[in-house]
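Each chain gets a letter, A, B and so on, in the order the sequences are listed, and its residues count up from 1.
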Amino acid sequence: MTEIQLHNTLTQRKEPFRPIDDGKVRIYVCGMTVYDYCHLGHARVLVAFDVITRYLRHRGYDVTYIRNITDVDDKILRRAEENGEDFLVLTERMIAAMHEDEAALGVLRPTEEPRATDYIREMIAMIETLIEKGAAYVADNGDVYFAVASFDGYGKLSKKKLEDLIAGARVDVSDVKHSPADFALWKAAGPGEVSWPSPWSNGRPGWHIECSAMSTTRLGNHFDIHGGGPDLLFPHHENEIAQSEAATGEPFVNYWMHAGAVRVDQEKMSKSLGNFFTIREILETYPPEVVRYFLVSSHYRSQVDYSEDNLKEAERALTRLYHAIRGLTPDETAPEGEHDRRFSELMDDDFNTAGAMTVLHAVASDINQQRRDGDDTAATRSAGVLRRLGRALGLLEQDPEAFFQGGSDDDLSPEVIEEQIAARAEARRNKDFAEADRIRDELAEQGVILDDSREGTTWRRA
RNA sequence: GGCGCGGUGGCAGAGUGGUUAUGCAGCGGACUGCAACUCCGUGUACGCCGGUUCGAUUCCGACCCGCGCCUCCA
């Protein structure tokens, strides 16, 4: 068994993965800010780290996976105000929606999902420590800022130089910060704004401090992996390192992992650009597992382009895999063989899911051949291998019939389809091929495709 | 401007110092009443220019192009 190699943003290269505690992995991923529905970019991160944690478990690690929920911030408060609702009502609704979306995509729930509002006390304690250590200061207006210049390693993750950041910053004469690069740990609230009491002002936490407080509280000061979306690298993660290491005096995280961006029409999909597709929108057109297949079929660090063609292709490819196991009872006790070995080799190499996908297709080819040769025992075993490998990626977990025939209530019912198939079989027996073809065409128009075989006719929805 | 990533066959997308993944689409054949599905066969691609090498798509350098971050954003 080879050693897992993973790409570390900190060192910008692949490194052998060695957890701090043998056999245990502690991982923290920055989750959603819950003021709107999840878009495909969120799905990318959700699925990427779902695959990573699934695979680490598949390899036998005891994984503690923490993914936070940011349930208080300026965007949330603004949106709640626009909607004329309490921000807690908004965030509860969005959290429920997020859980629905991720469940649809086959994303397993993290070990824990801490919410920022439950960690205000820990954040205040951390800020107090930072002030005591001289790494933070209280501004005249009651805000608290992190003094970036006090932290030697600032910029080590994003490879930025402090001088450049200061030189490039916009000059704001009214700014209460000592340096333009300093960032807020605590923001004093205005009249009527949501706030919590603190030693400095009634206010709310800055964005970055919540992740430092939640990650170190749940996982300890020093843990293995920290992940997130590509745009969190700077400033969010850079600031997390500065705060956490300044406060604890310990190294924060060993491996930083960042997913690639999702693009649409040559531009990054993002909320600020307004060009995003929400997960629920996409699921109106494509089965959830197709969306997952699409995401998993490229490497987590590479950029992906959302397009109808790409989703359709993913659908055809996934159909091929399900078709291979359709009608079989996969034997998952099948001994591990060359395919398992190759799959692990690829996945060990920085979670190369795109490569691993070729193994799934190779197994599907085996199955198709074995079935054609009438070797049901071999086919059943191969199907077990396919199921096993698929599960490590969160794919092929459905009953094939559900995948092929699942539809909505306004679709043609299975009973009607079966009747039509019987009628067509009768016509074929009578050599009335015109009638047989008419029935087949009619079903096709309603999105039902017939597959004839020696054993009879099966159907699936287009 | 600073920092970083990438340019692979019709498309998507892995990978490798020499035997050219995989999927989709296409083409030929088998199967089929005809199709579909499936099977067999078929495609010699690695931005440009130099260098290293017996040999580079793969290593090094320059260049061109695209993208991301530098502001809230997964």
Would you say B/A74 has OP1 or OP2 under 4.0 Å from some side-chain N or O of A/His42?
yes

- Over 12 non-hydrogen atoms of neighbours within 6.0 angstrom of CG in A/Asp265: no

Pair A/Lys177 + A/Asp143, salt bridge at N-O below 4.0 Å:
no

Which of B/A74, B/C39, B/G33 is nearest the side chain of A/Asp231? It is B/A74

Considering only heavy side-chain atoms of A/Gln12, the closest of B/U38, B/G4, B/G23 is B/G4

Side-chain atoms of A/Lys268 come closest, of B/A12, B/A35, B/C73, to B/C73

*Under 3.5 Å, is there an N or O donor on one side and an acceptor on the other linking the side chain of A/Ser158 and the base of B/C69?*
no

Worksheet item: Counting only side-chain N and O atoms of A/Asn368, is one of them less than 4.0 Å from OP1 or OP2 of B/C39?
Response: yes

The complete set of salt bridge (Lys or Arg N to Asp or Glu O under 4.0 Å) pairs with one or both residues in residues 71-81 of chain A, sequence neighbours excluded, reads A/Asp36-A/Arg79, A/Asp73-A/Lys75, A/Asp74-A/Lys187, A/Asp74-A/Arg204, A/Arg79-A/Glu82

Note to self: Counting the atoms with a prime plus P, OP1 and OP2 as sugar-phosphate, which does A/Ser453 contact under 4.0 Å by heavy atoms, base, sugar-phosphate, or nothing?
What the structure shows: nothing

Between A/Val253 and A/Leu10, the two heavy atoms sitting closest are O-CD2, 4.2 Å

Output side-chain donor-acceptor pairs under 3.5 Å for residues 39-50 of chain A, partner residues at least two apart or in another chain, one line each.
residue: A/His42; atom: ND1; partner: A/His39; partner atom: N; Å: 2.9
residue: A/Arg44; atom: NH1; partner: A/Gly260; partner atom: O; Å: 2.9
residue: A/Arg44; atom: NH1; partner: A/Ser302; partner atom: O; Å: 2.7
residue: A/Arg44; atom: NH2; partner: A/His299; partner atom: O; Å: 2.7
residue: A/Arg44; atom: NH2; partner: A/Tyr300; partner atom: O; Å: 3.2
residue: A/Arg44; atom: NH2; partner: A/Ser302; partner atom: O; Å: 2.8
residue: A/Asp50; atom: OD1; partner: A/Leu108; partner atom: N; Å: 2.9
residue: A/Asp50; atom: OD2; partner: A/Arg54; partner atom: NE; Å: 2.9
residue: A/Asp50; atom: OD2; partner: A/Arg292; partner atom: NH1; Å: 3.1
residue: A/Asp50; atom: OD2; partner: A/Arg292; partner atom: NH2; Å: 2.7

**Q.** Side-chain donor/acceptor of A/Asp452 to base of B/A35, under 3.5 Å
**A.** yes

Base-paired stretches in RNA chain B with three or more consecutive Watson-Crick or G-U pairs, both distances under 3.5 Å, amount to B:1-7 with B:64-70, B:10-12 with B:22-24, B:26-30 with B:38-42, B:49-51 with B:59-61

Query raised in the report: Which whole number of Å gives the distance between the C1' atom of B/G9 and that of B/C24?
Result: 13 Å

